[in-house]
Engineer: 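Quick one: structure below, then a few questions.
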Amino acid sequence: MLDRKFVLENLEAVRQNCINRGVPADSLTRFMDAETKRRALLAEAEEFNRQANDLNNKMKGATPEEREKLKELGKSLREQKEAAQKSHDELDKTVLDILAHIPNMTNPAAPIGNDDQANLEIALGKTPIPKFDFKPLDHLELGKKHDMIDFEAGARVAGAGFYFLKNDAVLLELALQQFAVQLLVKNGFVPVSTPDVANTHTLHGIGFIPRGPETQIYSIENTDLNLVATAEITLGGMYSGQVIEAEQLPLKLVGISHCFRTEAGAAGRASKGLYRVHQFTKIEMFAFSQPDQSDALHEELRQLECDIFDAMEIPYRVVDTATGDLGGPAYRKYDLEAWMPGRGTDGEWGEVTSTSNCTDYQARRLNIRYKNKNEKGTHFVHTLNGTAIAISRAIIAIMENHQQADGTIKVPKVLQPWLGKEVIGQPK
RNA sequence: GGAGAGGUGGCUGAGUGGUCUAAAGCACCGGAUUGCUAAUUCGGCGUAGGGUUAACUCCUUACCGCAGGUUCGAAUCCUGUCCUCUCCGCCA
């Protein structure tokens, strides 16, 4: 959520930002109108309150007759205040509703464009795209060959889009978690194992809308709880309503959680297999920072993602997300897209990580602030998030890129200690 | 799941309808004094919104878990709700 005062004072910039992001900007006129009226009504209600407070103080020394008169007056003041307050509250709801749909401002350096076609490739990973002298298999075929993934059983138990990982896929999942968490702990992240559910308020704060049409979120019936789509939700919510000492910033967390997504309306060859599933495990980075730290911290998160995928010897490219493709809370976003030889006809890039600087957009709604010692008042923190490893997609990239002519799959060196082997499968 | 107790400023904690503009202590900040890993003393010390100003300068409103209600007036009374603690039950 943007600051309402900021919107009021920077109407043209906010309007242009909406246009750049492909979000309708016509609500801004309504916003301005409602917010101006709301302020006037607030002043009115406060004035009635002040008069009523004044009157209550006179009550003490009053004679019985005076008291009766004051009572009447007080009652009418209270009624007038209630009326103003009620109109104010209604307008406030309108204002907040409009505000909720206005996206965050955008880093001026982000490429401007309508959709992912305008995304800008800004870097390539250290590992070159593999050249196979045989017909490479996709991860589904490889998974079947080495008995690693069972979609049929997943469907029997939970429906399409669910799966069982088996054998070396499980070892791989655990290895990926160990590798990512240990690397991040070495870089100053606090490891956190999070709840896999969160209440609706927290989801809203991060920018998810559960229980609406086309929601990506599973909700639990007869409760206020929802299955989380990412640990970003719980890690951000972890500090909602808190005031953090400035010296503690930046505060970096690495969360482990399951992620649940309904993936409403998504299907097709491009999302076969593990690429788009209803549940996966993810290691997620999250950080709270002071405003002047967040741009540098965002670069740091991106670099860590690169380090992780370089270490796993997976070819990837870094993409600077265009304005029209940014999520509402993001001020800037980088994606890592790994090369997936089994995707499309001859291999394609597929998103494996995403890191966003959300500036104070989430913090304002979640009310997460920081305080400088010996300084009056508080400020909103900036929040940032980034995928360390989304297990299911990382498994695709590993299996498909590291497959060999003899049918086996090389285990990246950094993961070997946890798998206890150098290759998956028997050569033949 | 059942029974009970409780949620007050950074912390401890007093406060059961109007001098609450929330006592006191701790912590913290500034001054004074004595002097040496500190003591004593005086003063200050919450957050957010609106207005105002050269200026957190002054004024004002709200906030005692949260949301409602009663009342001229609520930290205080009533209802709901969330959370914490204790005991019991169940359980990995």
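Order of the sequence lines sets the chain letters (A, B, ...), proteins ahead of strands, with each chain counted from 1.
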Engineer: Within the structure shown, what part of the strands sits under 4.0 Å from K69(A) by heavy-atom distance: base, sugar-phosphate, or nothing?
Structural biologist: nothing
Engineer: Near RNA chain B, which residues from residues 74-85 of chain A have a heavy atom under 4.0 Å away?
Structural biologist: G74(A), K75(A), R78(A)
Engineer: Provide, to the nearest angstrom, the distance between the NZ atom belonging to K371(A) and the C1' atom belonging to C28(B).
Structural biologist: 11 Å
Engineer: Using purine N1 to pyrimidine N3 plus N6-O4 or O6-N4 for Watson-Crick, or N1-O2 and O6-N3 for G-U wobble, each under 3.5 Å, what pairs with C83(B)?
Structural biologist: G6(B)
Engineer: Measuring only the C1' atom in each nucleotide, how far is A24(B) from C77(B)? A whole number of Å is fine.
Structural biologist: 27 Å
Engineer: So that I know where these two stand, are F288(A) and Y239(A) an aromatic pair - ring centroids less than 6.0 Å apart?
Structural biologist: yes
Engineer: Find the distance D54(A):CG to U21(B):P and express it as a whole number of Å.
Structural biologist: 13 Å
Engineer: Tell me: CG of N199(A) to P of C82(B), nearest whole Å?
Structural biologist: 12 Å
Engineer: Look at the side chain of N56(A) and decide which nucleotide, out of U60(B), G18(B), G49(B), has an atom nearest to it.
Structural biologist: G18(B)
Engineer: If we take the C1' atom in both U52(B) and C58(B), what is their distance in whole Å?
Structural biologist: 7 Å
Engineer: Mind checking the C1' distance from C90(B) to A3(B)? Whole angstroms is fine.
Structural biologist: 16 Å
Engineer: Classify L70(A) by what it touches in the nucleic acid, base, sugar-phosphate, or nothing, heavy-atom distance under 4.0 Å.
Structural biologist: nothing
Engineer: So, is the end of the R78(A) side chain (NZ or CZ) under 6.0 Å from the ring centre of F48(A) and within 45° of the ring's axis?
Structural biologist: no
Engineer: Mind calculating the distance between CG (L73(A)) and P (C72(B)) to the nearest angstrom?
Structural biologist: 12 Å
Engineer: Say you pick atom C1' in G65(B) and the same atom in C83(B); how far apart are they, in whole Å?
Structural biologist: 7 Å
Engineer: Searching all strands shown, indicate the nucleotide that pairs with G18(B) (Watson-Crick or G-U wobble; both distances under 3.5 Å).
Structural biologist: C72(B)
Engineer: Please state the C1' separation for the pair U57(B) and A39(B) - nearest whole angstrom.
Structural biologist: 37 Å
Engineer: Holding to side-chain hydrogen bond (donor to acceptor under 3.5 Å, both in side chains), I want the full list of residues that pass it with N401(A), two or more places apart in sequence or in another chain.
Structural biologist: none
Engineer: Measure CD/E46(A) against P/C63(B) and give the value in whole Å, please.
Structural biologist: 11 Å
Engineer: Which base sits across from C36(B) as a Watson-Crick or G-U pair, both distances under 3.5 Å?
Structural biologist: none
Engineer: Looking only at atom P, what distance separates G10(B) and U47(B), rounded to whole Å?
Structural biologist: 8 Å
Engineer: Assess whether atom CD of E422(A) is packed by more than 12 heavy atoms of other residues, nucleotides or ligands within 6.0 Å.
Structural biologist: no
Engineer: What's the gap between G25(B) and G31(B) when it is taken at their P atoms, as a whole Å value?
Structural biologist: 22 Å
Engineer: Could you work out which one of A48(B), U61(B), C72(B) sits closest to the side chain of N53(A)?
Structural biologist: U61(B)
Engineer: Can a salt bridge be assigned to the pair E12(A) and R15(A) using a cut-off of 4.0 Å between side-chain N and carboxylate O?
Structural biologist: yes
Engineer: Apply salt bridge (charged side-chain N to carboxylate O under 4.0 Å, His left out) to R332(A) and list each qualifying residue two or more places apart in sequence or on a separate chain.
Structural biologist: D320(A)
Engineer: Could you work out, with salt bridge (charged side-chain N to carboxylate O under 4.0 Å, His left out) as the rule, every residue matching K166(A), not counting sequence neighbours?
Structural biologist: D147(A)
Engineer: Is there a Watson-Crick or G-U wobble partner for U47(B) with both distances under 3.5 Å, and if so, which one is it?
Structural biologist: A62(B)
Engineer: Rounded to the nearest Å, what distance is computed from the CD atom of residue E375(A) to the P atom of nucleotide C29(B)?
Structural biologist: 16 Å
Engineer: Tell me the interatomic distance from D224(A), atom CG, to A67(B), atom P, rounded to whole angstroms.
Structural biologist: 16 Å
Engineer: Check RNA chain B against residues 33-40 of chain A and give the residues with a non-hydrogen atom under 4.0 Å, in numerical order.
Structural biologist: R39(A)
Engineer: Around Q426(A), counting heavy atoms of other residues, nucleotides and ligands shown, do more than 12 lie under 6.0 Å from its CD?
Structural biologist: no
Engineer: I'd like to know if E90(A) and K93(A) make a salt bridge, using a cut-off of under 4.0 Å between side-chain N and carboxylate O.
Structural biologist: no
Engineer: I'd like to know if the side chain of R393(A) reaches the main chain of L274(A), judged simply by a donor and an acceptor atom lying under 3.5 Å from each other, with no hydrogens or angles considered.
Structural biologist: no
Engineer: Please, which pairs that meet salt bridge (charged side-chain N to carboxylate O under 4.0 Å, His left out) have at least one residue in residues 34-44 of chain A, sequence neighbours excluded?
Structural biologist: R4(A)-E35(A), D33(A)-K37(A), E35(A)-R38(A), E35(A)-R39(A), R38(A)-D92(A)
Engineer: Tell me which nucleotide among U61(B), U47(B), C72(B) gets nearest to the side chain of K376(A).
Structural biologist: U47(B)
Engineer: Paired with A55(B): which nucleotide, if any, by Watson-Crick or G-U wobble criteria at under 3.5 Å for both distances?
Structural biologist: none
Engineer: Rounded off to whole Å, could you give me the CG-to-C1' distance for the N49(A) and A74(B) pair?
Structural biologist: 14 Å
Engineer: Find which nucleotide of RNA chain B each of A52(A) and H379(A) is nearest to by heavy atoms, and output the residue with the more 5' nucleotide.
Structural biologist: H379(A)
Engineer: Quantified in whole Å, what is the C1' atom distance between nucleotide U21(B) and nucleotide C26(B)?
Structural biologist: 23 Å
Engineer: Using Watson-Crick or G-U wobble geometry with both distances below 3.5 Å, tell me the partner of U41(B), or none.
Structural biologist: G31(B)
Engineer: Now, which nucleotide makes the Watson-Crick or G-U wobble pair with U12(B), with each of the two distances under 3.5 Å?
Structural biologist: A24(B)
Engineer: Answer yes or no: is there a side-chain heavy-atom contact under 4.5 Å between T106(A) and L326(A)?
Structural biologist: yes
